[in-house]
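Comments concern the structure below.
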Amino acid sequence: MKIEIPAAPAQLLRRLNDADFEAYAVGGCVRDALLGITPHDWDICTSAKPEQVLSLFSDCNVAKTGLQHGTVMVIVGGEGCEITTFRTEGSYSDHRHPDEVRFVSSLQEDLARRDFTINAMAYHPDRGVVDYFGGREDLRAGIVRCVGDPNERFQEDGLRILRALRFAARFGFRLEERTGQAMHENKELLDEIAAERIFAELKGFLVGQGVGPLLLEYRDLMAEILPPLAKMFDFEQRNPHHCYDVWRHTVCAVEHVPPTELLRLTMLFHDSGKPDCWSRDEKGIDHFYDHAKRSIELAEEMLNRLRCDNRLKEQILHQVRWHDLPLPQNEREGRRFLRRMGEEGAFWSLQVHRADAMAQAPAYLPEKLERIGQAEEILERLRAEKACFALGDLAVKGKDLMALGVPAGPGLGRELNRLLELVIEGECPNEREALLARVQK
Ligand code: ATP
Ligand code: MG
């Protein structure tokens, strides 16, 4: 099988091979190319030692930050390409960092240290695919399988447990049985992994097309990294709107939002507060009053634990907070909704509502989708009209009010907000003269 390698990495491979070193494209790029996906970067592995790579590319721009791991980054055509010397990794006494990196002479040893068979293939421009571990067969069958003994491989590096989930979700693959079993058995290893790395893998996993069934089958791993999620497992909801327990509903909702980190994380957390807010009425119907408030507390705790950046965290918490906010059914409600959610946030919120509805009892679905569709129309119309729903849209500014004698200070802000309120409520057009006439000095 012939793989088309773009000019820049092809040129690097050529130069290494012409200098009598062995050099291959390796890992993710080979996997993706065989799947018919355009690789996002081309990693190269070579028998050349780092100093030899440096001297061979002394006429190029290089970055040496990865040098102690044997990696030289060569910049060609504005893009960096990593060239890594064949290596193994020593023992992993902390389950995270290899104690030593040892350079080796054979490609096979280098491939043997890699995590999964589908990631352990190399490609030589003249000799084609090198596949010692059955990677091609697993690609065809849609299987993520550890290279070697899964228990050992996860004990060397616990992060591989989440990497396995991420690759399975991305490609819609399943876990090979022993690999899957070892993931469950070694889940405590995740406790020792840096939160940033866990979060990066979790986000990659959640945006994968095949995330749903994996969230069900590997929910114990989710509870290991985010303990508050466990309360949702098998938590029944006897309520005519629901047909699933809280976790199944959550999983289904995750599957039904578009695959962005914000939306997938929002759905993962949106009902996390339900178990703490449960009550059953005299008719035997379950209620979860005010659960969104509890959900944001738990979501914040979990996002802090994951060291989520503030911007994404605030966006998620806002969506979780208002995931049950009734959707606008007229323009006035539309402006109120836009004020609360922001323009971008309002459209994200529609996706949240849609996914939430899709994960509930089918009997009410057409009705719910109808309302969501109406809300969408209203919001689209307000957007097209550039409707006023924020202080920045108001036809008067603070200095206009000051010119009328309103003193600077908090009173000025209150007055502007009052005017905005009038416009949003449809009691005053967003026009300068009309607004100035309503100013209270
Ligand atoms: P992506 O498309 O997500 O970048 P990738 O396969 O390129 O996928 P990387 O994390 O970029 O994944 O790693 C490049 C290669 O290095 C992998 O294909 C795999 O062969 C190897 N690798 C990366 N991380 C590990 C690890 N923790 N343990 C073993 N091998 C690993
Ligand atoms: Mg990569």
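By convention here, the first residue in the shown sequence is residue 1. We count ligands from 1, going down the list as the structure has it; atoms in each ligand are counted the same way.
Under the 4.0 angstrom criterion for non-hydrogen atoms, Arg153 is not in contact with ligand 1. Using a 4.0 angstrom heavy-atom cutoff, Phe167 counts as in contact with ligand 1. The shortest heavy-atom distance from Asp157 to ligand 1 is under 4.0 Å. The shortest separation from a heavy atom of Glu156 to ligand 1 is not under 4.0 Å, leaving the residue out of contact.
Pairs passing the side chain to side chain donor-acceptor pair (under 3.5 Å) check and including a residue from residues 219-239, sequence neighbours excluded, read His184-Asp220, Arg219-Asp234, Lys231-Asp276, Glu236-Arg238, Gln237-His242, Gln237-Lys274. Pairs engaging residues 306-322 under the salt bridge (charged side-chain N to carboxylate O under 4.0 Å, His left out) rule: Glu196-Arg307 [sequence neighbours left out].
Under the 30°/60° scheme for interplanar angles, the aromatic rings of Phe116 and Phe167 are found to stand perpendicular. The aromatic rings of His287 and Tyr289 lie parallel to each other, with less than 30° between the two planes, well short of the 60° mark. Taking the six-membered ring for Trp and thresholds of 30 and 60 degrees, Phe288 and His291 have ring planes more than 60 degrees apart, a perpendicular arrangement.
Close approach to Gly28 involves these atoms of ligand 1, each under 4.0 Å from a residue heavy atom: 5 (P), 6 (O), 7 (O), 18 (O). The contact set between ligand 1 and Gly27, taken as ligand atoms under 4.0 Å from a residue heavy atom, comprises 18 (O). In the vicinity of Arg160, heavy-atom distances shorter than 4.0 Å reach the ligand 1 atoms 26 (C), 27 (N), 28 (N), 29 (C).
Note: no N/O pair closer than 3.5 Å links Asp32 and ligand 1 by distance alone. Polar contact with ligand 1: present for Arg114 (N/O pair, distance under 3.5 Å). An N or O contact shorter than 3.5 Å is missing between Asp43 and ligand 1 by distance. Distances between N or O atoms of Arg166 and those of ligand 1 include at least one value under 3.5 Å.
Thr65 places none of its side-chain heavy atoms less than 4.5 Å from the side chain of Met73.
Considering only non-hydrogen atoms, atom 9 (P) of ligand 1 lies nearest to Arg163 out of His40, Glu82, Met121, Arg163.
Among all heavy-atom pairs drawn from Leu12 and Cys81, the shortest one is CD1-CB, 3.6 Å.
Contacts between Arg113 and ligand 1 below 4.0 angstrom, taking non-hydrogen atoms only, involve the backbone exclusively.
For Lys64, the NZ atom is loosely surrounded, since the number of other residues' heavy atoms within 6.0 Å does not exceed 12.
Judged purely by distance below 3.5 Å, without hydrogens or angles, the side chains of His323 and Asp356 never pair a donor atom with an acceptor atom.
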